Amino acid sequence: MRSHVAFIREDACIGCTKCIAVCPTDAIVGASSQAHTVVSALCIACDLCLPPCPVNCIDLIERPDDAEKLSGAKAKVQIQSRLKRLAKEEEEKQLKEAALRQKTPEERKAEIAAAIMRKHDEQNKH
């Protein structure tokens, strides 16, 4: 394990989530259009988050002396957990797409119209 950790300069972060998508240990947290941060205990300093950052706001810094370090075995478990989560998300996406393909165009139009009506009703309540 390296003695470095990724650090995101939050004042420069645009919240694009590109770093989150490539982090193998899910060490980067944040929401779209919000500044992200690194959970240093999960960071393995793999450098994968650096190239996709469009604003170059990620640096590798010396791991603080008091920062917990993820062991190799724990890093492997963290990576495997992430891969399982991504596989499950992909499977759910595939199931939703398959279900959508089974519907007729009329059924899809009716669902869209119902969603628009719900949104309209919601806005009128406030």
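This one's a predicted model, so the numbers in the text were calculated from it and none came from an experiment.
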**Prompt:** Where the side chain of Q78 meets the backbone of T25, is there a donor-acceptor pair that is under 3.5 Å apart?
**Reply:** yes
**Prompt:** With no hydrogens and no angle check, is any side-chain donor or acceptor of R82 less than 3.5 Å from a backbone partner on V77?
**Reply:** no
Looking only at heavy atoms, which two atoms of [X] and [Y] are closest? And how far apart?
X: T104; Y: E107; value: N-OE1, 2.8 Å
X: R108; Y: R101; value: NH1-CA, 4.2 Å
X: D26; Y: L42; value: O-CD1, 3.9 Å
X: I8; Y: C13; value: CG2-CB, 3.9 Å
X: A6; Y: C43; value: N-SG, 3.2 Å
X: I61; Y: F7; value: CD1-CB, 3.7 Å

**Asked** So does R118 pair up with E122, basic N to acidic O under 4.0 Å?
**Response** no
Euclidean distance, [Y] [atom2] relative to [X] [atom1], rounded to 0.5 Å:
X: K18; Y: I58; atom1: NZ; atom2: CD1; value: 11.5 Å
X: Q123; Y: H120; atom1: CD; atom2: NE2; value: 7.0 Å
X: L83; Y: Q80; atom1: CG; atom2: CD; value: 7.5 Å
X: H36; Y: C23; atom1: NE2; atom2: SG; value: 11.5 Å

Is any side-chain heavy atom of [Y] closer than 4.5 Å to one of [X]?
X: C19; Y: C53; result: no
X: I28; Y: T17; result: no
X: I116; Y: K119; result: no
X: L48; Y: P24; result: yes
X: E10; Y: T37; result: yes

**Message:** With salt bridge (Lys or Arg N to Asp or Glu O under 4.0 Å) as the criterion, how do E92 and K96 come out once you've worked through the C-alpha distance, each side chain's angles and the decisive distance to 0.1 Å?
**Reply:** CA-CA 6 Å; E92 289 170 354; K96 286 179 184 178; 5.9 Å; no
**Item:** Within 6.0 angstrom of E89 CD, more than 12 heavy atoms from elsewhere
**Value:** yes
**V29 and V38: CA distance, side-chain angles, deciding distance, side-chain contact (heavy atoms from CB on, under 4.5 Å) verdict** = CA-CA 6 Å; V29 294; V38 176; over 6 Å; no
**D59 vs R9, side-chain contact (heavy atoms from CB on, under 4.5 Å): CA-CA, chis, key distance, verdict** = CA-CA 8 Å; D59 301 309; R9 287 178 273 108; 2.8 Å; yes
**Request:** Find out if a path of hydrophobic residues (ILVMFWY) with successive side-chain heavy-atom gaps under 4.5 Å connects V22 to V39.
**Result:** no
**Message:** Please tell me whether E62 and H4 have a donor and an acceptor in their side chains that are separated by less than 3.5 angstrom.
**Reply:** yes
